[in-house]
Amino acid sequence: MATIPENPFILVDGSSYLYRAFFSPPHLTNSAGEATGAVYGVVNMLQSLLKQFNPSHVVVVFDAKGKTFRDDMYTEYKSNRPSMPDDLRIQIEPLHAVIKAMGLPILTIPGVEADDVIGTLSRQASAQGITTLISTGDKDMAQLVDTNTLLINTMTNTVLDVEGVNEKFGIPPELIIDYLGLMGDKVDNIPGVPGVGEKTALAMLQGLGSMDDIYLNLDKLAALGFRGSKTIAKKMQDNEEMARLSYQLATIKTDVELSESYEDFKPKAQDTDALIKLFGQLEFRRWLSALLDNGSMTNHQGAVSSTATSSTSTATANPSATTSSIDRSGYKTIYTQGQLTQWIAKLEAAELFSFDTETTSLDYMQARIVGLSFAVQSNVGSDEQPIIEAAYLPLAHDYIDAPKQLDLTTTLEKLRPLLESEKYKKVGQNLKYDRSVLLNHGIELKGIKFDTMLESYVLDSTGRHDMDTLALKYLGHQCISFEEIAGKGKKQLPFNQISIIEAAPYAAEDADVTLRLHLQLFEQLSAEPKLLSVFNNIELPLLTVLSDIERGGVEIDSDLLTKQSAEIGKRLLELEALAYEEAGKPFNLSSPKQLQTILYDELELPVLKKTPKGAPSTAEEVLQELALTYPLPKLIIEHRGLSKLKSTYTDKLPKMVNEKTGRLHTSYQQAVTVTGRLSSTDPNLQNIPIRSAEGRRIRQAFIAQPGYKIVAADYSQIELRIMAHLSQDKGLLDAFSTGKDIHKATASEVFSVPLDEVTTEQRRSAKAINFGLIYGMSAFGLAKQLNIGRHEAQLYMDKYFNRYPGVLIYMEDTRSLANEKAYVETILGRRLQLPNIKSRNGMLKKAAERAAINAPMQGTAADIIKKAMIDMADWIAQKSPGSVQMLMQVHDELVFSIKEELVESYTKEIQAIMAKAADLDVPLIADAGVGDNWDEAH
């Protein structure tokens, strides 16, 4: 079953949607007697599609009015179709208006069909390596499926990739046109060959190949076992012209001249006012009510509302959401010392207060405070919604005619005792950022009791956890967006330039909403003791640890990277010259079309694989195979890899060094991944390459300061050890407990050879099996990875499960439990939701089942290293200042800077602390390395 990456490009066959919706219930009309059911049905299907796949780009394509080029080719084309019913025709205009108001692009191109526009866009996207999902009920679209293009049937919700097309039709996508050309299509009145039906067409294509191949080999039809093969051969011969015409009619055009391209199809913010008007006219009361209540009627990111910026269920769809009763008119603005004194007293008297900063930058190392906002709860009535008082304290708005504000430095000193005290408990939204901003002003935020972003993340790690999203989801409230008060694009104002009249309600609302969110979220957390433990013992204490690591940064050798960039640049020029020499002329090495011409037409290299349209492929795997024999493909591969390294790392990292600290500072994302793993951005340390020599040279630029060494401590095979603990398989437990090489041990079992006779190749295969099973790899995937037959791969897997039966039992039990509860748990109690485990979409359900098996291992590994980081921070606090610094966390690895004379003893302590981070039934081992740079230490 096809796997769909997150945020695909979706091409919607609007005409297919329209007819399906019109002929399906409910057949709605408004009070004026106008049909509205097709509009309702299409919008409903679009909402479902967007919610399910959350596309980064999307376009809805409709047939244009009038004839197309196919009518000129064949006057009888679609002549058997009845004219469009009036009740359907009148719904087209309002439907288009609704779709546009939702923020979704629409295309209608005269002279061609929607299929042709979709075909052109899908081919353009595929050529750029963009994953595209075509949503339609038209089987003809199967001809467009390729490695980057998938098909979802709007009727059955099944997704087809290349293998899926093969399974469904019995032929690959590149033969679908031949299939339709031979047997014809009654719906479109494509004639085909008289007497050739589905079975005959399929048998000929499977036996002889394409239509061209069939016509070259009509004498071989008898060998295929056809009854009356001579008759079929004669029919084929007599109707060749009709067959060729039918082939042309069935061929989706992929070169339509379009002024729009992929980048034009990013969804826009919805026009809420327009939707309210349209839904009022159409009398879609449920959607109209949702829009009036909270400004949102769809779960699609980018089309939620004119002010919301993230995807979420609205209050109407979330049983835990309350009706918003937030009154911004009660917010206060603090201008005087007297007002400040009163608010400090309120904050000191409160059991808990929410707190937020407004700043000059999103960069936590550069940001300076412009203002602060606070909120406190005035009542705690069990039957009442909380009464919240909120205020904004402007301190550094400096636009022309800005009112006088309290002095920033003096005011922060007055607030210092409140902010730096553990006594006064605070709640915020992503307080890691606010803590860092305050540190820029010399204030260390303490008393961090709650963080709504982390509370939401622990409750359900799926979806987004920004405040606007959470406000819609849990409070049914739409927050003021930053764009509303600051503007958009190049004209967007920094916060210090925004009028206090506009800034105050925006900022005070942040504090108000944060406190309200906490009251709801913590109540739900408190009802789940395991989740509460994850929040209190892992995520919340980790906030401060990550903040310290971020601010500490890491030294890099910019000169080394600059030198490497120059060397790569020189090598790229050499590769271009060598490629031109091999090709016999200059060409664009990045152009697949030019490369295709050079490789296959001019150099006449063997065609190992074809594109769905039958052209020779220049895909990466094809070039890899050709590179074993021919020089030009090898040069192209090297050029591609080095170009990416240069643009992503060697050119970019030196520019990211902070001017004040002279160090590189990443941002750790604590509430992004579903499994609990940390991720990092700006730069992304998780993706710095390690396998290639040039990639390792980048790690060499992460250096120790004079008098220090880099120490990298990495958990050894942690997920396999977790699997042993979870499955309680005796074979795995014994292997880890006795210190065996787990991959050699597996190879010994699977290949039935003594441990000391396991070959390197057998160990490699066993390693692929061990990790493949963790990630839900099928026999097909294993066969591809090991370059063996699928049957042989299945035998390996069967043998593995025979030797390690506990693993199979664990997998089966986990699937069953996941289907029952719709979530799985880590050893430490983190809950990993599986919203698609009960999906009717087989692909989504299978993916959820694979995640159910893998998530407890990945999630437990995440919990363990987070716990190790917290323990490590406590240990570092006990050491002499400056003797050791935790620099980075990357996957299962922690990287430190340690004084040279302390390296040996501290490394042993680090390994011991990491080994004690969790209590498993097998040993936790942390391997450690030492060096002058990260590469040496890894």
Using the test ring-ring contact (aromatic ring centres under 6.0 Å, His included), find all partners of [X] that sit at least two apart in sequence or belong to another chain.
X: F587; result: none
X: H57; result: Y262
X: Y649; result: none
X: F265; result: none

Salt bridge check: are [X] and [Y] linked by an N-O gap of less than 4.0 Å?
X: D255; Y: R123; result: no
X: E694; Y: R697; result: yes
X: E576; Y: K570; result: no

task = Would you mind telling me which of L560, D651, L653 makes a side-chain contact (heavy atoms from CB on, under 4.5 Å) with S565?
result =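 Only one option passes, and that is D651.
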
Residues in side-chain contact (heavy atoms from CB on, under 4.5 Å) with [X], at least two apart?
X: I865; value: Y715, Q889, L894
X: A566; value: none
X: A862; value: R677
X: D116; value: F69, R70, V112, E113, I252, K253, V256

query = Got more than 12 heavy atoms from elsewhere within 6.0 Å of CD, E620?
reply =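 Yes, CD of E620 has more than 12 neighbouring heavy atoms, counting only those of other groups under 6.0 Å.
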
Is it the case that the side chain of [X] and the backbone of [Y] share a donor-acceptor pair, with hydrogens and angles ignored and the cut-off at 3.5 Å?
X: T666; Y: L664; result: no
X: Y800; Y: E749; result: no
X: Q564; Y: T650; result: no

Have [X] and [Y] got a donor and an acceptor in their side chains that come within less than 3.5 Å?
X: N684; Y: T681; result: no
X: Y796; Y: E792; result: yes
X: S210; Y: D213; result: yes
X: T158; Y: N153; result: no
X: S56; Y: N7; result: no

request  = Sequence neighbours left out, what passes side-chain hydrogen bond (donor to acceptor under 3.5 Å, both in side chains) with D682? Give chain and number order.
outcome  =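 D682 satisfies side-chain hydrogen bond (donor to acceptor under 3.5 Å, both in side chains) with no residue once adjacent residues are dropped.
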
key: F771 ring center near H743 ring center (under 6.0 Å)   =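 Yes, the ring of F771 comes within the 6.0 Å limit of the ring of H743, centre to centre.
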
task = Take R696 and H938, measure what side chain to side chain contact (heavy atoms under 4.5 Å, CB included) needs, and give me the verdict at the end.
result = CA-CA 10 Å; R696 288 193 296 275; H938 184 78; over 6 Å; no

request  = Determine, step by step, whether V657 and I556 satisfy the side chain to side chain contact (heavy atoms under 4.5 Å, CB included) criterion, reporting the C-alpha distance in whole Å, the side-chain angles of both residues, the deciding distance to 0.1 Å, and the verdict.
outcome  = CA-CA 8 Å; V657 172; I556 65 167; 3.6 Å; yes

Please tabulate, for the side chains in residues 629-639, all donor-acceptor contacts under 3.5 angstrom to protein atoms that are two or more places apart in sequence or on a different chain.
unit_1	atom_1	unit_2	atom_2	d
E638	OE1	R571	NH2	3.1
E638	OE2	R571	NE	2.9
E638	OE2	R571	NH2	3.3

task = Using the salt bridge (charged side-chain N to carboxylate O under 4.0 Å, His left out) rule, collect all pairs that involve residues 592-602, keeping only residues at least two apart or in two chains.
result =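 For residues 592-602, and leaving out neighbouring residues, the salt bridge (charged side-chain N to carboxylate O under 4.0 Å, His left out) pairs sorted by first residue read K585-E602.
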
request  = Only counting residues at least two apart or in another chain, list the ones meeting salt bridge (charged side-chain N to carboxylate O under 4.0 Å, His left out) with E757.
outcome  =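 Residues passing salt bridge (charged side-chain N to carboxylate O under 4.0 Å, His left out) with E757: none at all.
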
inquiry  = For D212 and R244: C-alpha separation, side-chain torsions, deciding distance, then whether salt bridge (Lys or Arg N to Asp or Glu O under 4.0 Å) applies.
reply    = CA-CA 9 Å; D212 286 338; R244 301 292 187 185; 2.5 Å; yes

